[in-house]
Amino acid sequence: MAVKTLKTNLSESNLGDCYNEVSVLSHLRHPNLVLFLGAVIDDGPLWIVSEFMEGGSLEDFFKAKKRQRKGKPFRPLASDVLRWLTDFARALCFLHNACPCIIHRDLKPGNLLLSAEGHMKIGDFGLSKIVKGKMQQDRYVMTGRTGTLRYMAPEVMEEESYSEKVDIYSLAFNVWFMCTGERPLELYMRQVTSAFKVDEMTKHLREGLRPDVSRIQPAIAALLVRCWAQDPDERPSAQELCDLLPSLKDEIRLSAKCASKAPMPAGDKSCSLQ
């Protein structure tokens, strides 16, 4: 098992996130969610006990691979990315179809954990939202600007109402990271100053700022473009993703089979999505 121990000098907001995580996790059981085992919430620091994920986070996994490759980004096999994507979609399908609906709101490589067998599970539900409130045209009224900026849907940054489709947007950015081994919008983020405002990034995202998909396998690229569409209604649901993945796998296999029959460029011995 793994134990998350919280500092005693946490702010009221951070404590609220921790209590929220306990509340959410204590009701969830799914093969692609980190299993909650218990918590200590009285008489001292708050402890959250969960299953131990031997593979660590996806972020740490890619960092270790990059070190092994002497700074060169690690780009996994298509089969690995598709396995992770399937696990990811199944977890979101479970959360979004729960009653009431659960929106994670902070999906990033650091919160995607790997088992010893390489399967993925979603963890860290501190910023999750159990939707019980009033809906406005299929969107829930919630507090905005919650999550990690790099993976956050534009509507979270500037609106008080949004749907579970914000998780689909975040999924797309995480899958882009899986395919490339690079953090999305890294060059853009490096160019901004310390005084950089969220409003400026939101404006650029609203104007179409997205990671480059030109180096990604076309079937995956097309799916990412759908998932991070500007209009949330144009993004597929988690259930639709689960339904699409079998045909996507067949398309990837066919593409790989055709590529294997073609001469490989000199010096290129990779077999990745790139």
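Model, not experiment: these values are computed from the prediction.
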Exercise for review: Any chance you could measure Leu205, atom CG, to Leu149, atom CG, to the nearest 0.5 Å?
Suggested key: 8.0 Å
Review point. In terms of side-chain heavy atoms, does His104 have a donor or acceptor partner in Asp167 at a distance below 3.5 Å?
Key: no
Review point. With no hydrogens and no angle check, is any side-chain donor or acceptor of Arg150 less than 3.5 Å from a backbone partner on Pro184?
Key: yes
Exercise for review: Taking the six-membered ring for Trp and the single ring otherwise, decide whether the centroids of Phe173 and Phe177 are under 6.0 Å apart.
Suggested key: no
Check your understanding: For Tyr151, which residues count as a ring-ring contact (aromatic ring centres under 6.0 Å, His included) partner, sequence neighbours excluded?
Key -> none
**Study point:** From Ser163 atom OG to His96 atom NE2, the distance as rounded to the nearest 0.5 Å
**Key:** 8.5 Å
Exercise for review: Say whether, by atom type as modelled, one donor and one acceptor occur between the side chain of Arg67 and the main chain of Gly71 under 3.5 angstrom.
Suggested key: no
Exercise for review: Could you tell me whether a side-chain N or O of Arg210 sits under 3.5 Å from a main-chain N or O of Trp228, the two making a donor and an acceptor?
Suggested key: yes
Revision key, fill the gap. Heavy-atom nearest pair, Cys93 first then Gln239, reads SG-OE1, 3.1 Å
Review point. Any salt bridge between Lys165 and Glu155, counting N to O under 4.0 Å?
Key: no
Practice item. Determine whether Val81 and Gln217 make a side-chain contact, defined as any pair of heavy atoms from C-beta on separated by less than 4.5 Å. Key: no
Practice item. Could you tell me whether the side chain of Ile122 reaches within less than 4.5 Å of the side chain of Asn32, counting heavy atoms only? Key: no
Exercise for review: Only counting residues at least two apart or in another chain, list the ones meeting side chain to side chain donor-acceptor pair (under 3.5 Å) with Gln68.
Suggested key: none
**Study point:** Under the side chain to side chain donor-acceptor pair (under 3.5 Å) test, residues paired with Ser214 that sit two or more places apart
**Key:** Asp212
Review point. Quick check: does any side chain N or O of Arg29 sit under 3.5 Å from a backbone N or O of Leu35, one acting as donor and the other as acceptor?
Key: no
Point to revise | Considering all heavy atoms, the nearest Ala89-Ala238 contact | key: O-CB, 4.1 Å
Exercise for review: Output yes when a side-chain donor or acceptor of Asp106 lies under 3.5 Å from a complementary backbone atom of Asp124, and no otherwise.
Suggested key: no
Point to revise | Set of ring-ring contact (aromatic ring centres under 6.0 Å, His included) partners for Phe88, sequence neighbours left out | key: none
Review point. Hey, is Glu182 close enough to Lys66 for a salt bridge, meaning N to O under 4.0 Å?
Key: no
Check your understanding: So, do Met120 and Met178 sit near enough that their side-chain heavy atoms are less than 4.5 Å apart?
Key -> yes
Check your understanding: Taking the side chain as C-beta and beyond, is there a heavy-atom pair between Val49 and Val40 under 4.5 Å?
Key -> no
Review point. Salt bridge check: are Glu51 and Lys121 linked by an N-O gap of less than 4.0 Å?
Key: yes
Check your understanding: Closest heavy-atom contact between Ile220 and Cys179?
Key -> CG2-SG, 3.8 Å
Practice item. Check whether any side-chain heavy atom of Trp47 lies under 4.5 Å from a side-chain heavy atom of Lys4, and answer yes or no. Key: no
Point to revise | Residues which pass salt bridge (charged side-chain N to carboxylate O under 4.0 Å, His left out) with Lys65, listed by chain and number, not counting sequence neighbours | key: none
Point to revise | Side chain proximity check, Asp60 to Leu114, heavy atoms < 4.5 angstrom | key: no
Point to revise | Parallel, tilted or perpendicular: rings of Tyr188 and His204 (30°, 60°) | key: perpendicular
Review point. If we only count heavy atoms from C-beta on, is the Phe94 to Asn97 side-chain gap below 4.5 Å?
Key: no
Review point. Quick one: does Trp84's side chain have a donor or acceptor within less than 3.5 Å of a partner on Leu58's backbone?
Key: no
Exercise for review: Sequence neighbours left out, what passes side chain to side chain donor-acceptor pair (under 3.5 Å) with Arg83? Give chain and number order.
Suggested key: Asp80
Exercise for review: For the residue pair Ser57 and Pro109, establish whether any side-chain heavy-atom pair is separated by less than 4.5 Å.
Suggested key: no
